Every structure is written in structure tokens, then in C-alpha cells.
K.L.:
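Take a look at the following structure, please.
Computed from a predicted model, the values in this text were never measured in an experiment.
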Amino acid sequence: MKAIVQDRYGPAGVLRTAEIERPEPGAGEIVVRVRAAGLDPSVWHLMTGLPYMMRLMGFGLRRPKDRVRGWDAAGTVAAVGAGVTRFAPGDDVFGVGRGGTFAEYCRGAADMFAAKPADVDFDAAAAAPTSAVTALRALRDAGGLRTGGHVLVLGAGGGVGTFAVQLAKARGAEVTGVCGTDKTGLVRSLGADHVVDYTERDVTAGTGRYDLVLDTAGNRPLTSLRRVLAPRGTVVLVGGEGGGRWVGDLRRSLGGSARSVFSARKVRAPYVRPRPQDVEEVRGLLESGTIRPVVGRRYPLAGAAEAVRDWEKGHTRGKSVLVV
């Protein structure tokens with residue numbers, strides 16, 4: 001099968017198309033004929049090997065442990081492993097694979113996939129798993145959002161941000177979305193009550209106070225974010241590709257969390273790894289129409305390097321997907 005592989009860490013040029021062996025399902029696994037694969041920030045981190053601490057976490061010290069990039073996929077079940085009863089060949093599914101999804105076929109645990117809603121196309125389904133789960137757990141679990149409240153979403157036009165705006169509105173929140181000029185219309189269409197163009201106004205310099213600040217952009221000092229919090233508000237950090245080459249944005253996240261231990265204003269930096277129940281919950285949200293994925297750009301499989309370069313430049317509205 002054709003797949004996007006890399007044999008060393010580096011810039012987007014290390015990604016290349018190659019013929020590799022088609023995966024076989026192990027016990028409890030399925031193999032999916034990929035129709036579309038979603039691109040998220042982890043692709044960049046695993047491509048570059050940055051921050052270096054990531055390599056010590058088991059992803060490969062000198063070179064990537066897994067040659068194929070990508071986590072999210074949507075497609076049709078091609079084969080099932082021993083013990084799998086919930087899917088059969090021919091079923092349309094979406095979810096989180098293992099060993100890479102930027103390929104014609106991928107494998108993954110059967111319980112990390114869900115049935116694709118009939119009225120959601122493959123491209124949209126592939127854009128949902130990781131980003132929608134991150135937004136959901138950041139708002140609900142880390143941020144404590146239940147019903148109502150004032151929510152500020154930084155990076156509202158991106159992959160996680162577009163889902164966060166919709167999920168916060170579904171919970172009755174008053175939502176302010178911050179994004180670039182070219183994304184203001186998109187964020188407004190997703191239901192944001194207020195949209196701030198960050199090139200024209202610094203929302204953290206205003207008088208607004210928010211119960212929850214979700215930062216998916218990661219380029220503002222924590223002191224600025226805490227300044228706009230309500231007395232018992234929470235900042236949730238789920239993005240940030242800056243920081244040093246060794247620990248990246250982790251110093252900001254851990255430092256902020258530690259300093260907020262004895263404060264009513266909290267800083268949370270959750271490590272969100274999708275679980276089976278999360279994928280199934282996202283399926284329900286898609287099926288009910290509570291969320292709709294925003295697919296900004298579509299690339300052919302061979303265009304993976306171009307897709308990453310565009311993401312690096314901040315040219316992505318919502319999620320980019322590779323169409324296989």
C-alpha cells in the first residue's frame with residue numbers, strides 16, 4: 001500500500017510517499033481502508049521530534065518509532081481481528097488509529113473506532129476524533145463547564161477551537177471567540193456571541209471577565225489570561241507550539257498549574273488522550289448535529305508535506321484532511 005513515511009526527524013521535507021506492507025489486524029483490532037485522515041498538531045511534533053522531551057516519552061530517541069504519521073481516520077473496515085464483533089468488513093467507521101493513518105490502510109483497536117454517521121462524509125468524520133475529544137474534555141473535565149457561564153476561546157478558528165465554540169454554546173455558555181481576520185465569519189457562523197479579531201484588539205486588555213478561558217493558541221502570557229478571569233475562573237491550556245526545544249510549552253503549563261494551587265483562579269493543562277467512550281460520545285454529537293467539523297483544506301495523500309507547511313504558516317481554517 002501507499003503511505004506517507006519518515007525515517008528521520010526534521011521539517012516537512014522528511015515526509016515522503018512509499019510502498020509499505022499493508023497492516024494486519026491483531027486481536028481486538030480492525031484494519032480500515034482509509035478514505036480520509038485528519039491532520040493535527042501532533043503530526044508536526046512527531047515529524048520534527050520537538051520538543052526533545054517527547055522523544056524520551058517513547059516516540060523514538062534518534063528517529064521516529066512509527067514511520068507513518070497521523071492519528072485520525074475515517075474509512076471502511078477491510079478486516080477484523082480475533083474477538084471483534086462490533087464491526088464487520090464493509091462498515092463505515094471513524095476514529096483513532098495506531099501506527100499511522102496517513103496511508104491507504106491503517107489499523108487500530110476496534111473500541112477506538114465508532115460507526116460513521118450516515119449524513120457525515122468521510123472528510124468531516126476524519127476531522128473530528130482528536131480535536132473534538134480535546135475540546136470536549138478541556139471544557140467539561142478540565143474547565144468544569146456545565147451549563148451557562150462566560151467562555152473565551154483563543155484560537156477559535158482552528159481545529160480544537162471550532163469544536164470548542166460549538167460545544168460551549170451547546171451548554172448554554174456566552175462565547176467569545178478570538179481568531180484572525182480571515183476566520184471571523186467562520187467563528188460567528190459556529191454560534192459565537194462575540195468575535196474578536198486579534199490583529200485589531202487584544203482581548204486580554206479589555207474589561208471582560210470569563211469563567212473559563214480556553215487557550216488553543218499558546219502565545220499569550222499566563223498573567224494576561226489570568227487577568228481576564230472571573231474570581232473563580234479557570235484557564236485551560238491545550239495548545240502552544242512555542243517554548244524551548246527541550247520542553248516546549250510544558251514550562252508554561254506546569255508553572256501555571258503549580259502557581260494556581262492556592263489560588264481561586266485555576267490553570268489547567270490536561271494531557272488529552274482519546275478513550276473509547278470519548279470517540280463514542282463524539283459520534284453521538286455528530287449524529288445529533290450538536291457539532292459539525294470544519295474542513296478547511298483537502299489535500300491528496302501525496303500532499304502531506306504541503307499540508308503540514310500550510311499548517312505551520314497558520315493558513316488552516318478548522319482542520320485539514322488528506323483525502324485518500
K.L.:
Would you be so kind as to tabulate the donor-acceptor pairs closer than 3.5 Å made by side chains of residues 113-121, with sequence neighbours excluded?
P.N.:
unit_1: Lys116; atom_1: NZ; unit_2: Val120; atom_2: O; d: 2.6
unit_1: Asp121; atom_1: OD1; unit_2: Asp123; atom_2: N; d: 3.3
unit_1: Asp121; atom_1: OD1; unit_2: Ala124; atom_2: N; d: 2.7

K.L.:
Verify the cluster assignment for Val323 and Trp311: are they in a single hydrophobic cluster under the rule of side-chain heavy atoms below 4.5 Å apart?
P.N.:
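Not linked; separate clusters.
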
K.L.:
Any link between Phe122 and Val96 through a network of hydrophobic side chains (Ile, Leu, Val, Met, Phe, Trp, Tyr) touching at under 4.5 Å?
P.N.:
no

K.L.:
Does any donor atom in the side chain of Arg292 or Gln166 lie under 3.5 Å from an acceptor atom in the other side chain?
P.N.:
no

K.L.:
Please report the shortest heavy-atom distance between Ala230 and Asp211, naming the atom on each side.
P.N.:
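Of all heavy-atom pairs spanning Ala230 and Asp211, the closest is CB-OD1, 3.8 Å.
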
K.L.:
Decide, yes or no, whether a salt bridge links Asp193 with Lys169 under the criterion of side-chain N to carboxylate O below 4.0 Å.
P.N.:
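Looking at Asp193 and Lys169, the cut-off is met.
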
K.L.:
Take atom CD of Glu19 as the centre, draw a 6.0 Å sphere, and report whether it contains more than 12 heavy atoms from other residues, nucleotides or ligands.
P.N.:
yes

K.L.:
Strictly below 4.0 Å, N to O, side chains only: are Glu280 and Arg283 in salt-bridge contact?
P.N.:
yes

K.L.:
Would you please name every residue forming a side chain to side chain contact (heavy atoms under 4.5 Å, CB included) with Lys319, sequence neighbours left out?
P.N.:
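Testing Lys319 for side chain to side chain contact (heavy atoms under 4.5 Å, CB included), a comparison that skips the adjacent residues, returns Asp40, Asp72, Ala127, Ser131.
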
K.L.:
Take Ile30 and Asp91, measure what side chain to side chain contact (heavy atoms under 4.5 Å, CB included) needs, and give me the verdict at the end.
P.N.:
CA-CA 11 Å; Ile30 61 174; Asp91 290 345; over 6 Å; no

K.L.:
Counting only pairs under 3.5 Å, give me each side-chain donor-acceptor contact of residues 143-157, with atom names and distances, residues two or more places apart or in other chains.
P.N.:
unit_1: Arg146; atom_1: NH1; unit_2: Arg140; atom_2: O; d: 3.0

K.L.:
Hey, mind stepping through Asp7 and Arg16 against salt bridge (charged side-chain N to carboxylate O under 4.0 Å, His left out) and telling me if it holds?
P.N.:
CA-CA 9 Å; Asp7 299 304; Arg16 62 185 179 87; 2.8 Å; yes

K.L.:
Is Tyr198 atom OH crowded by more than 12 heavy atoms from other residues, nucleotides or ligands, each under 6.0 Å away?
P.N.:
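Counting neighbours around OH of Tyr198, 12 or fewer heavy atoms of other residues, nucleotides or ligands fall under 6.0 Å, so no.
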
K.L.:
Identify the two heavy atoms, one from Met47 and one from Glu312, that lie closest to each other, and give their separation to 0.1 Å.
P.N.:
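Shortest heavy-atom contact: CE-OE2, 4.4 Å.
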
K.L.:
So, do Thr234 and Leu229 sit near enough that their side-chain heavy atoms are less than 4.5 Å apart?
P.N.:
no

K.L.:
Assess whether a salt bridge exists between Asp215 and Arg220, defined as any Lys/Arg side-chain N lying under 4.0 Å from an Asp/Glu carboxylate O.
P.N.:
no

K.L.:
Indicate the atoms forming the closest heavy-atom contact of Val68 with Gly99, along with that distance.
P.N.:
CB-O, 3.5 Å

K.L.:
Does atom CZ of Arg273 have more than 12 heavy-atom neighbours, drawn from other residues, nucleotides or ligands, at distances under 6.0 Å?
P.N.:
no

K.L.:
Report yes or no: do Phe163 and Val321 belong to one cluster of Ile/Leu/Val/Met/Phe/Trp/Tyr joined by side chain heavy-atom distances under 4.5 Å?
P.N.:
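Unlinked, Phe163 and Val321 end up in two clusters.
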
K.L.:
Over all heavy atoms of both residues, which pair between Ala168 and Leu139 is shortest? Give the atoms and the distance, please.
P.N.:
N-CD1, 3.9 Å

K.L.:
Hey, any chance Val31 and Ile4 share a hydrophobic cluster, counting ILVMFWY side chains that come within less than 4.5 Å of each other, even indirectly?
P.N.:
yes

K.L.:
For a quick test of reading the model, state the closest non-hydrogen atom pair linking Ala132 to Leu167 and the distance between them.
P.N.:
O-CD1, 4.2 Å

K.L.:
Are the charged groups of Arg33 and Glu104 less than 4.0 angstrom apart, N to O?
P.N.:
no

K.L.:
Under a 4.5 Å cut-off applied to non-hydrogen side-chain atoms, are Thr316 and Leu39 in contact?
P.N.:
no

K.L.:
With a cut-off of 6.0 Å (strictly less than), are more than 12 heavy atoms of other residues, nucleotides or ligands near CZ of Arg8?
P.N.:
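Count not over threshold, so no.
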
K.L.:
Do the side chains of Val14 and Leu322 join up, straight or via other hydrophobic residues, at under 4.5 Å, putting them in one cluster?
P.N.:
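Yes, one cluster joins them.
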
